[in-house]
There are 2 protein chains.
Amino acid sequence: MKEGLRERTRRAVRAELAQVAIDLFARQGFDETTVEDIARAAGMTKRSFFRYFPTKEDVVFDGIDLTGENVVADIAARPADERPWECLHHVLQAWQEEIHASEQALATIRLIEATPALAGRLHQRRTEWRRRVSDALQHRPGTDLDPYTADLLTNAATAVLDAVSSQWARSDGNANRPALLDQGFNQIHVDPNPQQE
Amino acid sequence: MKEGLRERTRRAVRAELAQVAIDLFARQGFDETTVEDIARAAGMTKRSFFRYFPTKEDVVFDGIDLTGENVVADIAARPADERPWECLHHVLQAWQEEIHASEQALATIRLIEATPALAGRLHQRRTEWRRRVSDALQHRPGTDLDPYTADLLTNAATAVLDAVSSQWARSDGNANRPALLDQGFNQIHVDPNPQQE
DNA sequence: GACTATCATGTCACCAAGTGACAGATGACG
DNA sequence: CGTCATCTGTCACTTGGTGACATGATAGTC
């Protein structure tokens, strides 16, 4: 399987590039670091950098699952009789606990929130993610949600996520993210049935 | 008042630039339109364009209040005994009805949602807006919210806003935005008091 | 009406993020 | 060994955005 081998080395180069880049960003800031800098530090050309990552921003999102790739699958795996909001709560809780346990992930979050360009890119990725989550929620066995309500649920979940991040930033990174998430999900309730009137 | 006069002509130039730019964007797309194009079409230089708008994206947000500038003031003006979620509902409902009545505003929304770069800039502006809204909500007379709950409320409100936009896009712009907003606010409930346990 | 400070604009030079085209090195495989 | 695919460097180019400087119009003052 030569395809596999090529893919493996390609992944290795990406990882190396990501490592080098995040180091530089942490040390001298995102805007102050040029793609040329990153590439040279990793022993290649600017042009080659762009053969591994489409933009300067994307290098930050490599390796760490900050956009919950597997969340979609997890939703489908939940029991069919679970209410949608509780389903989201459970799945995101598990995901957030993973993140919270990784010092590297937390450092990356800090970097992203301190850098407008990166925050923008995260939002862009989250937008695609939300579409997939909303779909998964809607087509879950045993439930019958209209698309608007599915979006409402999904967006409310990211509302909690964002509030957690803000509070976490306010506490200088000392707050317990999973606990905050839990509290947030308990304070918000989403009616899965549109008002009949 | 010469200051006032200068400000008035400056505003006029900005409006002209915005008009020309949006026309070009609608006709040939955002990415396919260069700043040079806009500037030339408005009878000036690229350099001068950037003396009126900090970025190419910002020209789109001129004139139309897509980030609810006055919403903050409106929140403070609501009766003190109103529950925070109902306060947000009322204020955003009024604002959304203004938007919905303006064909120009709706066209701009369409353009923004179809253009990732513009969607990103909107998100950036919304982030600042949310901070101000959350503050206003928290320091409203008669209420006593912790910052986390205030964020939860504000973010939940933008969750509704985003769901409205998605549904509106799904309906090809035929859906009634204020009605959707109303429904969304009724389907979500936010407990203004953290769980005591 | 001449004098002067102010402000808008154009010009030029520059930097950084990307992208396309081409040429050479490398390495797998028959 | 030869061949083919892939990776890489080099070069040239476009576009967004900025700093520095010169100039021309304008408004206010004597």
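Here is how names work: the chains are called A, B, and so on, in the same order as the sequence lines, proteins then strands, and each is numbered from 1.
Scanning residues 28-37 of chain A for heavy-atom distances under 4.0 Å to DNA chain D yields an empty list.
At whole-Å resolution of the value, CZ in A:Phe53 and P in C:dT19 are 14 Å apart. In this structure, B:Phe50 atom CZ and D:dT15 atom P are separated by 12 Å, rounded to whole Å. Rounded to whole angstrom, the span from the NZ atom of B:Lys46 across to the P atom of C:dC14 amounts to 14 Å. The distance between atom CZ of B:Arg10 and atom C1' of C:dT6, rounded to the nearest whole Å, is 15 Å. Rounding to whole angstrom units, CE of residue A:Met44 and P of D:dT10 are separated by 13 Å. In this structure, B:Arg11 atom CZ and C:dA8 atom C1' are separated by 18 Å, rounded to whole Å. Between the CG atom of A:Asp58 and the C1' atom of C:dG18 there is a distance of 13 Å, given to the nearest Å. In this structure, B:Lys56 places its NZ atom 21 Å from P of C:dA16, rounding to the nearest Å.
One side chain, A:Gln183 or A:Gln187, offers a donor N or O that lies under 3.5 Å from an acceptor on the other.
Both tests do not hold together for B:Lys56 against B:Phe50: distance to the six-membered ring centre under 6.0 Å, angle to the ring axis within 45°.
You won't find any donor-acceptor pair under 3.5 Å spanning the side chain of A:Arg51 and the base of C:dG18, going by distance alone. A donor-acceptor contact under 3.5 angstrom links the side-chain atoms of A:Arg47 to the base of C:dG20.
Once rounded to the nearest 0.5 Å, the distance linking CG of B:Leu106 with NE2 of B:His100 reads 6.5 Å.
Within the structure, a side-chain polar atom (N or O) of B:Tyr52 is placed less than 4.0 Å from OP1 or OP2 of C:dT9. Between A:Ser48 and the phosphate of D:dG9, there is a side-chain N or O to OP1/OP2 separation shorter than 4.0 Å.
Using modelled atom types, no side-chain atom of B:Asp151 and backbone atom of A:Ala163 make a donor-acceptor pair closer than 3.5 Å. A:Thr149 places no side-chain N or O within 3.5 Å of a backbone atom of A:Leu145 that could act as its donor or acceptor partner. Between the side chain of B:Ser171 and the backbone N or O of B:Asn174, at least one donor-acceptor pair lies under 3.5 Å.
Relative to the axis of its first five pairs, the axis of the last five pairs of the helix from C:dG1-D:dC30 to C:dG30-D:dC1 sits at 10°, rounded to 10 degrees.
Nearest approach of B:Val164 to A:Tyr148, heavy atoms of both residues: CG2-OH, 3.6 Å.
One finds no salt bridge joining A:Arg14 and A:Asp58 here, because no Lys/Arg side-chain nitrogen approaches an Asp/Glu carboxylate oxygen to under 4.0 Å.
Ring geometry for A:His89 against A:Phe185 counts as parallel: the plane angle stays under 30°, on a 0 to 90° scale with 60° as the upper cut.
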